[in-house]
Amino acid sequence: MNTFETDYLVVGAGATALSFVDSLLDQTDAHITIVDKRDTPGGHWNDAYPFVRLHQPSSYYGVASTPMEKSASTQWA
């Protein structure tokens, strides 16, 4: 049996898992392994919405963990 080491084992490749992994990649040098029963990322969206694909950077989903409260330096559109 082959073995390997990883810092994070992420089960599932849905939007939440991929956002988490994207944050880890951006903020750490951790080794990450993703496993999923499907052959493409997207989680249950692959079954429920086969015409939808995850193709936008996670920053469009607000994953950068930027505080959302308004401060003196924040300009709201």
Side-chain angles (χ1 to χ4, degrees):
M1 174 161 74
N2 294 335
T3 62
F4 64 92
E5 292 186 23
T6 189
D7 296 314
Y8 292 90
L9 173 63
V10 179
V11 179
T16 302
L18 294 179
S19 296
F20 173 69
V21 168
D22 188 63
S23 293
L24 283 174
L25 290 171
D26 187 45
Q27 299 175 17
T28 72
D29 61 351
H31 182 267
I32 304 161
T33 303
I34 303 172
V35 295
D36 193 278
K37 65 182 176 181
R38 295 172 182 88
D39 62 350
T40 57
H44 80 278
W45 284 76
N46 292 316
D47 301 327
Y49 307 102
F51 52 88
V52 175
R53 295 289 178 254
L54 296 175
H55 63 277
Q56 293 181 334
S58 64
S59 60
Y60 288 107
Y61 299 96
V63 175
S65 298
T66 303
M68 296 301 291
E69 69 272 358
K70 187 173 181 180
S71 67
S73 63
T74 304
Q75 297 293 322
W76 295 87

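Side-chain atoms are counted along with the backbone in the values below, which use heavy atoms only and exclude waters and symmetry mates.
- Applying the 6.0 Å contact sphere to CG of Asp29 captures no more than 12 heavy atoms from other residues, nucleotides or ligands.
- Put simply, OG1 on Thr28 and OH on Tyr8 are 6.0 Å apart, with the number rounded to the nearest 0.5 Å.
- Looking at every heavy atom in both residues, Glu5 comes nearest to His31 through O-ND1, 3.5 Å.
- Checking side-chain atoms of Asp7 against main-chain N and O of Ile32 turns up no donor-acceptor pair under 3.5 Å.
- Remark: the backbone N or O of Leu9 is not paired with any side-chain donor or acceptor of Thr33 at under 3.5 angstrom.
- The shortest non-hydrogen separation linking Ala17 to Gly12 is CB-O, 3.2 Å.
- To the nearest 0.5 Å, atoms CZ (Phe20) and CD1 (Ile34) are separated by 10.0 Å.
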